[in-house]
Number of protein chains: 2
Amino acid sequence: MINGLTMDDYQLTLTGVVERAERFHSGKDVVSRRPDGSIARTTLGACARRSRRLATALAGLGVADGDRVATLLWNQAEHLEMYFAVPAMGAVVHTLNPRLHADELGFIVGDAQDRVIVVDESLLEVLDTFRHAHQFEHVIVVAHSDTAPDGTLDYEALIGAAEPMEWPALDEGRAGAMCYTSGTTGRPKGVVYSHRALVLHSLTAALPDSLGVSTQDTLMPVVPMFHANAWGLPYAAALLGARLVLPGPKLDPVSVLDLIATEKVTMTAGVPTVWMAMLDALDAQPQRWELGHLDRLIVGGAAVSRSLLEGYDRHGLTVVQAWGMTETAPLGTVSRLPVDLREGEADEQYAFRARQGVAMPFVDIRARSEDDGFIEWDDRAMGELEVRGPWVAAAYHNGKGADSFTADGWFRTGDIVRIDHRGCIRVCDRSKDLVKSGGEWISSVDLENHLMAHPSVAEAAVIAVPDPRWGERPLAVLVLRDGMTADPEQLREHLSTEFSRWQLPERFEIVSTIPRTATGKFKKLTLREQFSA
Amino acid sequence: MINGLTMDDYQLTLTGVVERAERFHSGKDVVSRRPDGSIARTTLGACARRSRRLATALAGLGVADGDRVATLLWNQAEHLEMYFAVPAMGAVVHTLNPRLHADELGFIVGDAQDRVIVVDESLLEVLDTFRHAHQFEHVIVVAHSDTAPDGTLDYEALIGAAEPMEWPALDEGRAGAMCYTSGTTGRPKGVVYSHRALVLHSLTAALPDSLGVSTQDTLMPVVPMFHANAWGLPYAAALLGARLVLPGPKLDPVSVLDLIATEKVTMTAGVPTVWMAMLDALDAQPQRWELGHLDRLIVGGAAVSRSLLEGYDRHGLTVVQAWGMTETAPLGTVSRLPVDLREGEADEQYAFRARQGVAMPFVDIRARSEDDGFIEWDDRAMGELEVRGPWVAAAYHNGKGADSFTADGWFRTGDIVRIDHRGCIRVCDRSKDLVKSGGEWISSVDLENHLMAHPSVAEAAVIAVPDPRWGERPLAVLVLRDGMTADPEQLREHLSTEFSRWQLPERFEIVSTIPRTATGKFKKLTLREQFSA
């Protein structure tokens with residue numbers, strides 16, 4: 001017998017990522033836009049060096065191995081320093097979403113047992129809404145204008161007074177970061193990421209067929225750093241030496257476009273709502289911004305319509321779709337046009353690009369059919385997507401939500417998908433949002449996408465409503481474009497080019513806005529309560 | 001306390017690579033050029049499926065967990081099938097270099113205790129030279145023309161008769177492959193690669209700043225598959241879905257260029273001697289081949305001169321230098337032009353590109369100075385390069401050569417380097433080839449590179465010869481270009497633009513060829529024996 005122990009037992013830790021930033025990419029810019037719109041400039045090397053002092057300061061406050069340290073921060077250099085310092089010192093960085101309800105935030109910090117919180121001064125008001133729910137031992141404030149308020153510690157003063165830490169040797173299986181799911185039902189559940197998971201995620205995200213991150217890039221995560229590791233972009237930038245532009249809280253289209261143009265961003269990432277608003281701004285003023293350097297816009301968090309892809313193509317900009325969840329760190333699939341479709345028809349290309357993508361290396365996928373088998377990869381059958389891989393959760397914090405995992409250890413995503421012969425998934429629905437009519441499934445997402453291609457429709461959400469004869473029927477909730485009208489027969493006619501008669505909604509409800517969750521997803525539960533009667 | 005065990009314990013195994021090829025990249029071509037020049041076409045999917053049958057056949061012959069199975073094969077689809085089948089079944093694929101001396105081959109197969117050998121029929125004569133040294137239990141022949149000779153088993157017949165294997169679940173730390181060092185001194189030593197090491201090597205090799213492998217690529221490893229995993233290209237192709245072109249034994253420049261042109265190769269890799277010969281062919285017939293698709297030629301195994309880089313630039317082709325060793329799986333550093341040099345002066349760019357490159361992610365580097373400290377990264381001090389990382393050896397097979405590893409677990413490469421502020425290495429010498437004159441080191445590689453930039457010089461090897469006054473002095477062994485002459489004073493004058501007086505060789509020996517090892521390196525030991533008198 002022979003074994004591989006003759007190979008180095010080198011551990012894949014975020015410490016290695018931070019050290020690489022410090023040693024090899026020290027001079028690379030980290031640009032932060034402050035809440036007041038001003039620009040602060042530092043470098044990956046400075047952030048890495050400051051993170052050593054920050055770690056010493058946190059240790060001095062009692063933060064020890066495996067303790068959780070919360071952040072209530074925007075996309076800003078200090079958040080990157082926390083991404084560096086806390087895992088590298090052996091503790092767990094726990095990013096909080098300031099847009100969640102105070103009750104949820106209170107629950108989350110208690111469930112995670114966060115010992116310390118680092119908060120941007122612009123978010124102190126948010127902290128005040130939930131700090132009664134949990135006793136933080138220390139509140140550290142990133143103060144831009146003044147010093148930290150009484151009863152809190154000043155972030156800069158702490159760093160200024162601390163010596164740099166020599167990073168401890170860590171096992172790659174150790175926890176490094178934590179994020180709560182923003183489930184639309186039930187209590188949020190904690191996902192704990194190991195160092196290994198985040199390192200492998202960054203590495204695989206950087207592959208040419210994934211997001212493709214290199215020293216040539218300037219990355220701007222519009223997706224918040226409190227949202228599933230900002231899709232791995234901060235760590236990928238540190239590992240691979242990309243410039244990093246952190247846009248702070250102001251994410252209106254003009255602010256985002258200005259920053260992309262002035263900082264010559266090559267790659268950005270965010271949810272569809274951001275890119276929908278930005279497309280309108282570009283359509284209104286197509287000559288205003290010079291964007292030749294912008295190579296790709298990654299979109300995830302919800303499916304996008306063909307019209308969005310076409311809209312950006314008109315401006316010479318490429319939108320690339322990806323799929324993932326908090327439980328998958330988050331990247332699971334990326335939709336890059338396969339080589340044999342490069343020369344294909346536009347329709348064929350858009351049909352592919354509107355899909356959520358092919359599983360990244362080491363992400364295993366399968367979809368469970370209604371009869372508890374697994375569907376064929378024929379792009380017809382629908383099933384619930386199950387995944388596993390080095391950066392996929394195998395459990396939630398404290399053993400919650402065990403029914404989200406199969407007996408053989410796969411994560412049940414709750415997404416209903418079709419899979420084509422290439423292994424490319426198309427999300428048809430959330431399992432709880434599927435419409436089941438007369439024993440057949442109707443994909444609400446397919447209906448939504450096609451409704452949004454109608455010239456009058458700005459947004460569409462399709463829900464299931466109870467029906468005495470068919471069990472359930474689809475109902476479409478629509479936001480119309482300014483000054484446009486639409487009548488049900490027109491809309492049904494529009495849909496009938498793609499759907500069978502029995503799949504068409506009978507009811508269309510026009511509203512001024514569709515309620516959304518803190519992460520931009522439609523609140524279908526609210527819609528169902530409103531329209532089921 | 002909290003830990004990362006909530007993440008999936010997904011193992012990084014070559015089985016996952018083979019399964020990905022089968023599931024996601026099944027239709028991708030694998031093109032083999034046979035010894036007779038004919039072309040055989042198959043696919044990644046077919047190789048993966050056949051490897052399941054091959055594994056069953058090998059198991060039927062008694063190959064069990066951890067057993068070594070030798071290959072004596074060219075770059076050909078059957079070799080890829082062995083790369084797939086043997087590790088995935090839990091055994092160890094041991095690639096043999098048919099260009100080694102029979103004594104060495106005999107020693108190697110005995111040291112590895114290979115149980116079975118798979119040999120291409122064109123290499124049966126080589127097998128006959130060393131098979132007396134070791135008792136293989138079975139010899140399996142890949143026969144192109146006829147069936148396998150008596151006393152051997154036929155590769156195709158074995159596969160045809162076997163059922164496909166369901167791959168066993170393997171731990172990532174398990175051994176999957178093995179290769180012997182081709183050291184110029186001492187007995188060859190075995191390097192055993194774990195699954196994890198080869199998976200992480202493939203993944204990191206595929207990054208945009210490393211070799212950059214994607215589904216858009218057609219890879220042609222000219223570097224043999226018996227030479228340090230063909231620099232990871234076969235596994236990278238399988239993992240990432242690149243087309244693979246395997247050129248077989250005929251590696252003359254015209255054959256290689258023909259294959260690059262007809263198969264529209266985007267990336268190729270090999271040692272400098274191959275690219276030197278190919279450049280001559282291109283210079284002679286610049287219009288003969290359409291090579292617009294050829295994006296990069298990776299060169300490694302020995303340093304290349306600026307003149308080679310310039311020569312390819314004239315043809316619009318980019319040579320990228322990499323450094324590695326059998327002990328590093330093999331990729332350690334890659335020399336990609338940094339973003340801030342893209343707009344720089346040509347001289348500055350060539351000076352960078354002529355270096356061996358920046359350490360890949362997760363490869364840690366340092367260089368030990370003469371006083372047993374570590375040199376500064378100032379590009380002036382010289383020291384012996386030490387490396388560690390997930391795909392770097394921590395020991396040799398059977399505990400041989402323990403003095404190649406430091407007490408704290410780093411591999412001592414034997415390469416004398418300078419390191420610049422970017423962490424980019426420049427190999428100045430092998431430690432045993434350094435010239436130490438009057439207490440100062442002289443880099444033989446620097447002298448060689450500058451000598452080869454002289455219009456009369458085709459090849460140059462600089463060795464140390466004993467000197468009663470200075471300890472050692474450099475001596476240059478030269479091969480001149482056809483019809484050219486060179487006298488010592490001219491050559492010293494040429495060198496004096498870059499070197500101090502005391503660094504210049506007194507002696508220049510003109511030879512018709514410089515002896516090389518089986519892997520293309522100068523046999524400096526032989527030269528020293530010849531010229532030391």
Side-chain angles (χ1 to χ4, degrees), chain A residues 1-10 12 16 20 23-24 65-66 68 92 172-176 178 191-197 200 203-204 206-209 212-216 239-241 336 338-339 342 358-359 361-362 364 388-397 409 411 422-423, chain B residues 1-10 12 16 20 23-24 65-66 68 92 172-176 178 191-197 200 203-204 206-209 212-216 239-241 336 338-339 342 358-359 361-362 364 388-397 409 411 422-423:
Chain A
M1 186 64 186
I2 188 174
N3 64 40
L5 295 180
T6 53
M7 282 283 118
D8 200 316
D9 188 28
Y10 189 97
L12 298 172
R20 189 159 175 94
R23 201 85 206 243
F24 289 92
D65 257 17
R68 272 74 71 206
V92 180
E172 67 186 32
R174 166 191 284 268
M178 183 175 200
V191 178
V192 179
Y193 305 104
S194 65
H195 282 253
R196 170 182 162 109
L200 289 171
L203 197 61
T204 311
L207 290 171
D209 287 327
V213 179
S214 85
T215 54
Q216 312 296 316
L239 178 63
L240 300 155
R336 291 279 199 169
V339 68
R342 299 256 148 170
V358 172
F362 312 117
D364 290 344
R388 67 173 178 186
W391 52 87
V392 177
Y396 289 110
H397 182 49
F411 171 61
R422 303 172 195 274
Chain B
M1 186 63 187
I2 188 175
N3 64 40
L5 296 180
T6 53
M7 282 284 117
D8 200 315
D9 188 29
Y10 190 96
L12 299 173
R20 191 160 174 94
R23 201 85 206 246
F24 288 92
D65 257 17
R68 270 75 70 209
V92 180
E172 66 186 34
R174 166 191 283 270
M178 183 175 202
V191 178
V192 179
Y193 305 105
S194 66
H195 281 253
R196 170 182 162 109
L200 289 172
L203 197 60
T204 311
L207 290 171
D209 287 326
V213 179
S214 85
T215 54
Q216 312 297 316
L239 178 62
L240 300 156
R336 292 280 198 167
V339 67
R342 298 255 148 172
V358 173
F362 312 116
D364 290 343
R388 67 173 179 187
W391 51 89
V392 177
Y396 289 110
H397 182 49
F411 171 61
R422 303 172 194 276

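So that the names make sense, note that chain A is the first sequence line, chain B the second, and so on, each numbered from 1.
- Y396(A) touches chain B through its backbone: at least one of N, CA, C or O sits under 4.5 Å from a heavy atom, while the side chain does not.
- Taking A197(A), G16(A), G389(A) one by one and counting their heavy-atom pairs under 4.5 Å with chain B, the maximum is reached by G389(A).
- If you measure heavy-atom distances from V191(A) to chain B, the contacts under 4.5 Å come from the side chain alone.
- Here L203(B) contributes atom CG and L207(A) contributes atom CG; the two are 5.0 Å apart, rounded to the nearest 0.5 Å.
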Next on the checklist: What verdict does the side-chain contact (heavy atoms from CB on, under 4.5 Å) test give for V392(A) and Y10(B), after you've listed the backbone C-alpha separation in whole Å, the side-chain angles of each residue and the deciding distance to 0.1 Å?
Outcome noted: CA-CA 9 Å; V392(A) 177; Y10(B) 190 96; over 6 Å; no
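- With a threshold of 4.5 angstrom between heavy atoms, R422(A) approaches chain B through N, CA, C or O but not through any side-chain atom.
- Taken to the nearest 0.5 Å, the CE atom of M7(A) stands 6.0 Å off from the OH atom of Y193(B).
- For the residue pair A359(B) and F24(A), the shortest heavy atom distance occurs at CB-CZ, 4.0 Å.
- Considering all non-hydrogen atoms of both residues, P208(A) and P208(B) come closest at CD-CD, 4.0 Å.
- Listed for the D209(B) side chain is a donor-acceptor partner under 3.5 Å among the backbone atoms of T215(A).
- Only the side chain of L200(A) comes within contact range of chain B, judged by heavy atoms closer than 4.5 Å.
- If you measure heavy-atom distances from R196(A) to chain B, the contacts under 4.5 Å come from the side chain alone.
- Residues L240(A) and P361(B) are in side-chain contact: their nearest non-hydrogen atoms beyond the backbone lie under 4.5 Å apart.
- Within the model, atoms CZ of R388(B) and CG of D9(A) stand 11.0 Å from one another, a figure rounded to the nearest 0.5 Å.
- Between the CG atom in D8(B) and the CG atom in D364(A) there is a gap of 8.5 Å [rounded to 0.5 Å].
- Among the candidates H195(B), R336(B), E172(B), the residue making the largest number of heavy-atom pairs closer than 4.5 Å to chain A is E172(B).
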